[in-house]
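Right, one structure below, let's go through it.
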Amino acid sequence: MILEQITDQLSDAIKARVLTLFGIPIDRVVLQAPPRLAMGDLATPVAMELAKQARKAPRQIAEAIASGLELPVAVSRVSVEGAGYLNFHFDRRLFTLEFLRAIGAPPSATGHRVTVEHTNINPNKAAHIGHLRNAVLGDTLIRCLVALGNHVERQNYIDDTGVQVADVVVGFERLLGEGIAEVEKRIADPSVRFDYFCWDLYARTGQHYEKHPEAIEWRKETLHRIEKGEGETARLGAIVAKAIVTRHLETALRLGIEYDVLVKESDIIRQRFWDRAFELLKTSGSVVFEEEGKHKGCWVMKLADSAEFEGMEEPDKILVRSNGTVTYVGKDIAYQLWKFGLIGDTFAYREFRRYDDGRIVWETTSEGDGIEGAPHFGGAQSVYNVIDVRQGYLQKIVKEGLRILGHQTESERSIHFSYEMVALSPATAKALGVDVKPEDEQKAYLEMSGRKGLGVKADDMLDELEAKAREKISSERSTGSEADDAKLARQIAIAALRYFMLKYGRTKVIAFDVNEALSFEGDSGPYLQYSTVRVGNIFRKMEERGVDPMLGKSQLDRLAIGEELVDDMWQIVRMSADTDNVIRRAVETLELSLVTRHAFDLAQTFNSFYHKFPILNEKDDAERQRRAVVAEVFRRTMNQIFDLVGIPMPDRM
RNA sequence: GCGCCCGUAGCUCAGCUGGAUAGAGCGUCGGCCUCCGGAGCCGAAGGUCGCAGGUUCGAAUCCUGCCGGGCGCACCA
């Protein structure tokens, strides 16, 4: 906050100065931290950029700008360095106290309504670590958007009428010869994990299709019945989907991920959302019925005229098949229109589950059991769809759908949060008992496949992380309380996994390696927790010794930290103050790894300080106070970041 | 064929809208627990930034071409 003010003021002052001195208007002043602390706290190469136009040497220009430049209060001086950089040096003491006052202040509301759709796991098998990347990215994006003052709706789309559900139903009905009664018994049986059972069954069905291609007929029949929503088969599909989604929400909750509403694909059809969207699309003229050709009998969207799709071999996208069923993209366009409130909200909602604090997850329903007082969903101003990069083409078509309906603004505010997939390292695949083929041995990674049952299940990974943390706790630092140790192990597991999913750039394929993900050292979530826990220990000991750290809001004015902070201390404050910028940039670029990267850099800097400057045993009061202030700045900043990335803060480790 | 992404240290990755001496983690080697907890800290070795041009005062970063790898372009989702 305070940093932003300084940057704005400096930027304005420099612009004004350049205008009066050289008569040159500049619209943007680059102000960033110089590479080394000794060079100052903010720097701009503006003089170099002006050199040509102003026909003067950069240093000369810099000197001219610097002399008589009005500086913000917290900036003590300006210097000219290097080839002609203008460097600004802060009043460290003043800045630190101002900043300490402002950390963690709630954001001012923007009034902007945002919808984030994420997770979207097919409800036919257990979640794997690839789904986790999606859920963690989506959830973290939400936390950042909220931190920037937006009102965010958390949606999870349930594809309950798709091929994947159909295949598991085929497994139950045709391979196992089971019906609703048997499946319900399985769901109720606490000794089987239903999502794991379906994981294997789904793979079995896939194998069966390979050996008996004629069995694909089963899939078609089953899918058709599920889409129509009639009969035993459709009911079985709904029962399976519901049971699996229940498991998925439980898995997500282990990572602190919650939702507001589950939108079911079946309801998009049954609540006539599609019919309405279809009417609109038909009148737009860009969606036409094909009388002949290879798409005879289909309704297709013409993409040839759009610049986005130029040069495509197949510029037509089928929205309605010749048998009258709607494709996935078609339904997705209708869904997207609803998210923006462009076809109203006639969904009915019922309670799906409650969280411990009483908040409700709603789900759409078309069974006439919608609740009267349910909240109203949809109608956002911006929409983020967290979906992996392989669906980039379809997301473009959804955007195009809004555009051809004349919703230019909404089309632009339909943001595809695209990220790369999670694959398996050959070593991890082998460890899973997969027979890695010789030709795959050389590959950097192997793609996971639900159909083949190849993948690391999310709950297995979490279990393994917890077990590892648990082992370390009991062998090294158990408090003796079983419940406390277990809780701590859970907190560490969450930190490790969430951090792991966030630390890579979103365009990078993660070649998932179990050993790397299990690491609690170095560039990891537990490292961040550990660093922060240690600070907490210092303050706890102070309290035990009856020393008041004097860091309460009302005490700050009287805080006697004496002289300015030395570089080792100041650097921590300066970095902490950058956090707001980092959040903003992370959301702008959808690069959430910026946040974890920043947190890691900060923790590393702090750990170095921690070893070099003891606090409790420092005899000089003012020096001890200075160090405590720095530790407190770090602690509050880290807590703020933990909230942002969903990492829990243990009180011991 | 068209489109998107990746290529930086032995391995996994940072490097922000061009800017000051290209940085971490892991691994390797060597130090540091009578001292706020060693899930930590300090140090060393290790880089033709895939290749070739171009733009610029300045390029890992921008542009063009090429090489290597991945993904997408279904009446699947």
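Note that the structure is predicted; figures quoted are calculated from it, not measured. So that the names make sense, note that chain A is the first sequence line, chain B the second, and so on, each numbered from 1.
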Minimum heavy-atom separation for [X] to [Y], with atom names?
X	Y	result
A/Ile647	A/Ala495	CG2-CB, 3.6 Å
A/Asp568	A/Phe609	O-CD1, 4.1 Å
A/Arg390	A/Asp388	N-OD1, 2.8 Å

Determine the contact category for [X]: base if any of its heavy atoms lies under 4.0 Å from a base atom, sugar-phosphate if only primed atoms, P, OP1 or OP2 are that close, otherwise nothing.
X	value
A/Val389	nothing
A/Ala469	nothing
A/Asn87	base
A/Phe539	nothing
A/Gly505	sugar-phosphate

Assess whether one donor atom and one acceptor atom, taken from the side chain of A/Asn607 and the base of B/G40, lie less than 3.5 Å apart.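 By the distance-only test, no, there is no pair.
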
If you go through the side-chain atoms of A/Ser322, does one of them form a donor-acceptor pair with the base of B/C75 closer than 3.5 Å?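 Result: at least one qualifying N/O pair found.
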
With the side chain of [X] defined as its heavy atoms from C-beta on, choose the nearest nucleotide among [options].
X	options	result
A/Asn537	B/A20, B/G37, B/C6	B/G37
A/Lys472	B/G40, B/G19, B/A39	B/A39
A/Arg36	B/A20, B/G38, B/A14	B/A20
A/Ser608	B/A39, B/C75, B/C41	B/C41
A/Tyr530	B/C75, B/G70, B/G40	B/G40
A/Arg390	B/C5, B/G72, B/A20	B/G72
A/Leu616	B/C41, B/C36, B/G19	B/C36
A/Lys541	B/C36, B/U17, B/C6	B/C36
A/Met653	B/A39, B/C5, B/C13	B/A39
A/Tyr393	B/C73, B/G40, B/A20	B/C73

Between [M] and [N], how far apart are the [atom1] atoms? Round to whole Å, please.
N	M	atom1	value
B/C26	B/A9	C1'	12 Å
B/U28	B/C11	P	16 Å
B/G53	B/C49	P	13 Å
B/G46	B/A22	P	15 Å
B/C41	B/C4	C1'	44 Å
B/U12	B/C75	C1'	43 Å
B/G7	B/A60	C1'	12 Å
B/G31	B/U48	C1'	34 Å

Which residue lies more 5' along RNA chain B, comparing A/Cys298 with A/Glu49 via nearest heavy atoms: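 Residue closer to the 5' terminus by nearest nucleotide: A/Glu49.
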
Both A/Val326 and A/Ala33 contact RNA chain B. Which one's nearest nucleotide lies toward the 5' end? A/Ala33

Answer yes or no: does a side-chain N or O of [X] lie under 4.0 Å from OP1 or OP2 of [N]?
X	N	value
A/His295	B/C75	yes
A/Lys508	B/A14	yes
A/Tyr527	B/C41	yes
A/Arg534	B/G38	yes

Between the base of B/A20 and the ring of A/Tyr85 - centre-to-centre under 5.5 Å, planes within under 30° - is that a stack?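 Here A/Tyr85 meets both the 5.5 Å and the 30° conditions.
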
Do NZ/NE/NH1/NH2 and the carboxylate oxygens of [X] and [Y] come within less than 4.0 Å?
X	Y	value
A/Arg635	A/Glu632	yes
A/Arg490	A/Glu466	no
A/Arg574	A/Asp578	yes

Whole angstroms only, please: what is the [atom1]-[atom2] distance between [X] and [N]?
X	N	atom1	atom2	result
A/Ile583	B/C16	CD1	C1'	15 Å
A/Lys296	B/A74	NZ	P	22 Å
A/Met575	B/A24	CE	P	12 Å
A/Leu528	B/G25	CG	P	13 Å
A/Gln391	B/G72	CD	P	11 Å
A/Glu521	B/A24	CD	P	18 Å
A/Glu632	B/C36	CD	C1'	15 Å
A/Lys503	B/G23	NZ	P	20 Å

Under a 3.5 Å distance rule, please check whether A/Arg451 uses its side chain to pair with a backbone N or O of A/Ala203 as donor and acceptor. no

Mind checking salt bridge (Lys or Arg N to Asp or Glu O under 4.0 Å) for A/Asp159 and listing every partner two or more places apart, or none if nothing turns up?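 Result, salt bridge (Lys or Arg N to Asp or Glu O under 4.0 Å) vs A/Asp159: none returned.
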
Do A/Phe500 and A/Glu516 pass the side-chain contact (heavy atoms from CB on, under 4.5 Å) test, and can you show the C-alpha distance, the side-chain angles, and the key distance before you say yes or no? CA-CA 9 Å; A/Phe500 186 81; A/Glu516 257 174 60; 4.2 Å; yes

Measure centre to centre between the rings of A/Trp299 and A/Phe278, then say whether the value is under 6.0 Å.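 A/Trp299 vs A/Phe278: aromatic centres under 6.0 Å.
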
Taking the ring of A/Tyr527 and the ring of A/Tyr530, is the distance between their centroids below 6.0 Å? no

Should stems be defined as at least three consecutive Watson-Crick or G-U pairs with both distances under 3.5 angstrom, which of them involve RNA chain B? B:1-7 with B:67-73, B:10-13 with B:23-26, B:28-32 with B:40-44, B:50-54 with B:62-66

Syn or anti for B/C33, please, going by whether the chi angle lies within 90° of 0.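 You should classify B/C33 as syn.
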
